[in-house]
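Accompanying notes for the structure given below.
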Amino acid sequence: MDFYQRAGIVCGAIPRGTVASYGQIALLCGKPKNARQVGYALNKGRLGEEVPAHRVVNSRGLLSGAAAFDTFDMQKNLLAGEGVEVLWTREGWQVDRKRYGWKHTMQDAEKFRALFEELGI
DNA sequence: GTGATGACATTGA
DNA sequence: ATCAATGCCATCA
């Protein structure tokens with residue numbers, strides 16, 4: 001499904017040291033309602049090894065916790081390695097989206113849209 | 001085809 | 001702020 005190709009591209013475009021939400025990815029893929037599919041795609045490794053799946057969190061900045069990584073705290077460690085603060089809260093491992101959230105611009109969205117059209121996906 | 005599942009999001013109490 | 005209820009939609013069984 002082309003949605004997964006798009007998701008792969010968008011995830012790969014998340015800047016180092018920032019995180020993006022599932023909904024944000026879905027939105028940039030042109031499918032605002034496919035947040036769940038983004039998670040599904042990342043889980044099965046459908047997007048390939050080189051895709052930085054650890055930079056994707058939910059709308060509240062919470063890490064998945066799912067063992068899609070080798071160890072449970074792998075995602076946290078990868079983020080910490082990029083300078084992202086990951087805090088242990090009542091909810092779980094969490095990052096401050098105000099500070100580390102990817103603030104994509106309108107131009108970014110347009111760029112992706114154009115790219116997808118060009119690739120026909 | 002039908003129904004359950006899920007790394008989600010939003011809304012309303 | 002917190003929690004429950006809904007909506008969502010591509011996979012799978």
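Note that this is a predicted model, so its numbers are computed, not measured. Letters A, B, ... are given to chains in the order of the sequence lines, protein chains preceding strands, and every chain is numbered from 1. Computed from heavy atoms alone, side chains included, the values below leave out hydrogens, waters and symmetry copies.
- In this structure, CZ of A:Phe3 is placed 13 Å from P of B:dC8, rounded to the nearest angstrom.
- No donor-acceptor pair under 3.5 Å is formed between the side chain of A:Glu110 and the backbone N or O of A:Gln107.
- Side chain of A:Asn34 to main chain of A:Gln37: no donor-acceptor pair is present (N/O by atom type, distance under 3.5 Å, no hydrogens or angles).
- The CG-P distance, from A:Leu27 to C:dC8, rounds to 17 Å in whole Å.
- Contacts of A:Arg90 with the nucleic acid, taken as non-hydrogen atoms under 4.0 Å apart, involve only primed sugar atoms and P, OP1 or OP2.
- For the pair A:Arg97 (side chain) and A:Arg60 (backbone), a donor-acceptor distance under 3.5 Å is absent.
- Panel note: side chain A:Arg6, backbone A:Cys29; a donor-acceptor pair is recorded below 3.5 Å.
- For DNA chain C, each stem of at least three Watson-Crick or G-U pairs (distances under 3.5 Å) is given as range with range: B:2-6 with C:9-13, B:8-13 with C:2-7.
- Proximity of A:Leu63 to A:Lys76: side-chain heavy atoms (C-beta onward) are separated by under 4.5 Å at one or more points.
- One atom, CG of A:Leu62, and another, P of B:dA9, lie 10 Å apart when rounded to the nearest Å.
- Taking a 4.0 Å limit (strictly below) on heavy-atom distances, residues 29-41 of chain A reaches DNA chain C at A:Lys33, A:Asn34, A:Arg36, A:Gln37, A:Tyr40.
- Rounded to whole Å, the distance from CG on A:Leu42 to P on B:dG6 is 16 Å.
- One P atom belongs to C:dT6, the other to B:dA7, and the distance between them is 22 Å to the nearest Å.
- Considering only side-chain N and O atoms, A:Ser59 lies under 4.0 angstrom from the phosphate OP1 or OP2 of B:dA9.
- A donor-acceptor contact shorter than 3.5 Å links the side chain of A:Gln75 to the backbone of A:His54.
- The interatomic distance linking A:Gln94 (CD) with C:dT2 (C1') rounds to 14 Å, in whole Å.
- Checking each of A:Leu42, A:Val10, A:Val19 against A:Val56 for a side chain to side chain contact (heavy atoms under 4.5 Å, CB included) leaves exactly one that passes, namely A:Leu42.
- Surrounding NZ of A:Lys111 are at most 12 heavy atoms belonging to other residues, nucleotides or ligands under 6.0 Å away.
- Between the A:Lys33 side chain and the A:Lys31 main chain, no donor and acceptor come within less than 3.5 Å of each other.
- In this structure, CD1 of A:Ile25 is placed 18 Å from P of C:dC9, rounded to the nearest angstrom.
- With rounding to whole Å, A:Arg97 atom CZ is found 11 Å from B:dA9 atom C1'.
- As judged by a 4.0 angstrom heavy-atom cut-off over every strand, A:Ala26 is placed among residues making no nucleic acid contact.
- Rounded to whole Å, the distance from CG on A:Leu47 to C1' on B:dA7 is 12 Å.
- Within the 4.0 angstrom heavy-atom criterion, only backbone atoms of the sugar-phosphate kind lie near A:Arg46; the bases stay farther away.
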